[in-house]
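From a predicted model like this one, the values you see are computed outputs, not experimental measurements. One-based numbering, in listed order, for ligands and for the atoms of each.
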Amino acid sequence: MMRVSSYRDTLEQLARSESVPQSHLAALIAMPTREVLEYAAGLAREVAEQHFGHKVYLRGLLEVSNVCAAGCYYCGLRAENRALGRYTLTTEEILESCEEGYGLGLRSFVLQGGQRADYREPIAKVAREFKSRLSDAALTLSLGEQSGECYEEWRKAGADRYLLRHESANEWHYGRLHPESMSYQNRLGCLKRLSELGYQCGAGFMVGTPEQTALHLAEELEFLAQLRPQMVGIGPFIPHSSTPFGQMPQGSVEQTLLMISLVRLVLPKALIPSTTALATASGNGTQQGVLAGANVVMPNVTPKRYRAGYEIYNGKKSFGTEAVEGLEHLAELLGRVGYEASLERGDHPDFVVK
Ligand code: SAH
């Protein structure tokens, strides 16, 4: 009897924001049994429903460029991957893609791309133009680590939100995933700066990256409880053959789902996407993520001819319900599991938008 109730106690303690020993959480995370997954997901759905009802917010995801100066060991866009043909959308292509999505009803867009040193002016221009043409739509950027001045310029130009996953809450483990030129401290500094500039901030991490332990994943929860980002992106690690981690195993779908549920319990009002990586790793990953407590889906609005070029991991899904042309089907799939695809901006509840 003790054993049966103990996982429930642990999860309920977490939901009540009581401190839970990391070893207890790590034990659940290490072996996500069906009972644990279902109980955690049930609690997570209850919590999400209190703040968001059954809404799942849609964001148009635009992959603006796969040119990248960084060398993250897990990512297919890393500069050292010479096999990849590189592309960069023009200002007009970016704006047209957003306008197309806007025409379909989307009111929230994410411009994501490699980390480039020459993007400050072009993106500032895009942001200003975006805001003048689509003034009631939210603009999110996800363009890696940049200088404080650059983040400030983009914010002034109109960007509302910024996604920069911290990738690992554990400094040692962060170091195992990135070259020496990148640092955990700089990453956290970027997140702090973004938050000070008034961006709604997204942090996040992959599940199942090399050398990650269940204890590291338990640390994620404590880290996020302190950082309190407005958004949290969580997806399984999926190998890319032209990276140093090309031969490493894929992260577990079950563990990813459990982490989504646990993060929902820790940050009840967070915007948590059911990610493309989850949908790539599992046929019905999008719905599974939502049923685990996620409340955002990001259909791809990148012009079709560029999509294959944004291969951060092998086999990445970018068509069908993962894309803007599958919007109706996506809404139908969400409807079947009891959720409503929402076209609202979907700001964090604590952010008042004028
Ligand atoms: N250059 C931007 C965007 C990176 S892509 C930035 O640095 O923020 C967005 C996210 O995809 C990354 O933060 C990472 O967590 C995830 N990602 C990258 N490679 C991956 C892989 N091989 N498997 C799963 N997710 C991956």
Side-chain angles (χ1 to χ4, degrees), residues 59 61-81 84 86 88 110-119 123 140-146 150-151 154 159 161-169 173-174 176-179 181-184 186-188 190-191 194 199 201-210 212 220 229 231-253 255-256 259 272-282 285 289 298 300 302 307 309-318 322:
R59 325 276 197 214
L61 175 64
L62 185 54
E63 294 158 342
V64 294
S65 173
N66 67 355
V67 175
C68 189
C72 309
Y73 297 153
Y74 43 83
C75 184
L77 306 192
R78 62 201 309 272
E80 288 84 346
N81 180 10
L84 183 68
R86 306 282 170 165
T88 301
V110 179
L111 310 189
Q112 187 168 78
Q115 181 170 310
R116 307 176 52 153
D118 57 355
Y119 239 9
I123 292 297
T140 304
L141 301 178
S142 179
L143 300 163
E145 297 178 12
Q146 303 288 345
C150 180
Y151 287 149
W154 290 348
R161 311 174 183 153
Y162 203 98
L163 305 177
L164 183 70
R165 291 190 181 174
H166 57 284
E167 313 295 1
S168 176
H173 184 235
Y174 181 94
R176 307 299 295 168
L177 306 180
H178 299 94
S181 54
M182 296 176 77
S183 83
Y184 176 82
N186 191 54
R187 197 80 168 180
L188 298 194
C190 286
L191 282 166
L194 287 162
Y199 283 97
C201 286
F205 57 91
M206 288 168 280
V207 173
T209 42
Q212 182 186 63
E220 291 295 344
M231 306 172 275
V232 187
I234 305 163
F237 161 72
I238 302 174
H240 186 295
S241 54
S242 310
T243 64
F245 291 166
Q247 302 309 313
M248 299 294 176
Q250 180 172 307
S252 141
V253 168
Q255 226 170 28
T256 303
M259 289 310 296
I272 303 177
S274 185
T275 55
T276 306
L278 183 56
T280 299
S282 167
M298 295 164 46
N300 201 313
T302 311
R307 283 187 204 161
Y310 203 80
E311 196 186 30
I312 52 181
Y313 44 82
N314 290 141
K316 179 168 157 286
K317 280 195 185 162
S318 58
E322 286 312 301

Student: If you measure from atom 26 (C) of ligand 1 to every heavy atom of Met248, Met206, Glu311, which option wins on shortest distance?
Tutor: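 When every heavy atom of Met248, Met206, Glu311 is considered, Met206 comes closest to atom 26 (C) of ligand 1.
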
Student: Got a second to check how far Thr302's OG1 is from Leu62's CG, nearest 0.5 Å?
Tutor: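 With rounding to 0.5 Å, OG1 (Thr302) is 5.0 Å from CG (Leu62).
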
Student: Do Tyr310 and ligand 1 have an N or O pair less than 3.5 Å apart?
Tutor: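 Not met; the criterion fails.
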
Student: Are any of the N/O atoms on Ile238, whether in the backbone or the side chain, positioned under 3.5 angstrom from an N/O atom of ligand 1?
Tutor: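 Between Ile238 and ligand 1 (N or O atoms, distance only) the closest approach is under 3.5 Å.
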
Student: Tell me whether the rings of Tyr74 and His178 are parallel (<30°), tilted (30 to 60°) or perpendicular (>60°).
Tutor: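 If you compare the ring of Tyr74 with that of His178, the planes turn out perpendicular.
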
Student: Quick check on contacts: which atoms of ligand 1 are under 4.0 angstrom from a heavy atom of Ile312?
Tutor: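 In order of number, 11 (O), 19 (N), 22 (N).
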
Student: Identify, by atom number and element, the atoms of ligand 1 in contact range of Glu167, meaning under 4.0 Å from any of its heavy atoms.
Tutor: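 Close to Glu167: 12 (C), 13 (O), 14 (C), 15 (O).
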
Student: Number the atoms of ligand 1 from 1 as they appear, then name those within less than 4.0 Å of a heavy atom of Gly113, with their elements.
Tutor: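 Contacts of ligand 1 toward Gly113, numbered from 1: 1 (N), 2 (C), 3 (C).
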
Student: What atoms of ligand 1 come within less than 4.0 Å of a heavy atom belonging to Cys75?
Tutor: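 Counting from 1, the qualifying ligand atoms are 19 (N).
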
Student: Considering only heavy atoms of Gly144, which atoms of ligand 1 have at least one such atom less than 4.0 Å away?
Tutor: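 Result: 2 (C), 6 (C), 7 (O), 8 (O).
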
Student: Give the minimum heavy-atom separation between Ala159 and Tyr199, together with the two atoms involved.
Tutor: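 That would be CB-CE2, 3.7 Å.
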
Student: Write down the atom of Cys75, the atom of Ile312, and the distance for their closest heavy-atom approach.
Tutor: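 Looking at all heavy atoms of both residues, the closest pair is SG-CG2, 3.6 Å.
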
Student: Assess, by modelled atom type and distance only, whether the side chains of Ser65 and Arg116 contain a donor and an acceptor separated by less than 3.5 Å.
Tutor: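 Judged by distance alone, the side chains do pair up.
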
Student: Quick one: pull up OG in Ser242 and CD in Glu80 and give me the separation to the nearest 0.5 Å.
Tutor: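 The CD atom of Glu80 is 12.0 Å from OG of Ser242, to the nearest 0.5 Å.
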
Student: In the protein, what heavy atom is nearest to atom 19 (N) of ligand 1, and what distance, to one decimal place, separates them?
Tutor: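 Minimum-distance protein heavy atom for atom 19 (N) of ligand 1 reads Tyr74 CD1, 3.3 Å.
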
Student: Side chain to side chain contact (heavy atoms under 4.5 Å, CB included) for Thr140 and Leu163? Distances and angles first, verdict last.
Tutor: CA-CA 7 Å; Thr140 304; Leu163 305 177; 3.7 Å; yes

Student: Just heavy atoms, cut-off under 4.0 Å: does Gln112 contact ligand 1 by side chain, backbone, both, or neither?
Tutor: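 Looking at Gln112 and ligand 1, just side chain atoms fall under 4.0 Å.
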
Student: Would you mind running through ligand 1 and noting each atom that sits below 4.0 Å from a heavy atom of Arg165?
Tutor: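 That gives atoms 13 (O), 14 (C), 15 (O), 16 (C) of ligand 1.
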
Student: Quick one: does Pro236 get within less than 4.0 Å of ligand 1, heavy atoms only?
Tutor: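 Flag set, Pro236 near ligand 1.
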
Student: Calculate, to the nearest 0.5 Å, the distance between atoms CZ and CD belonging to Arg307 and Glu322 respectively.
Tutor: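 The CD atom of Glu322 is 10.5 Å from CZ of Arg307, to the nearest 0.5 Å.
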
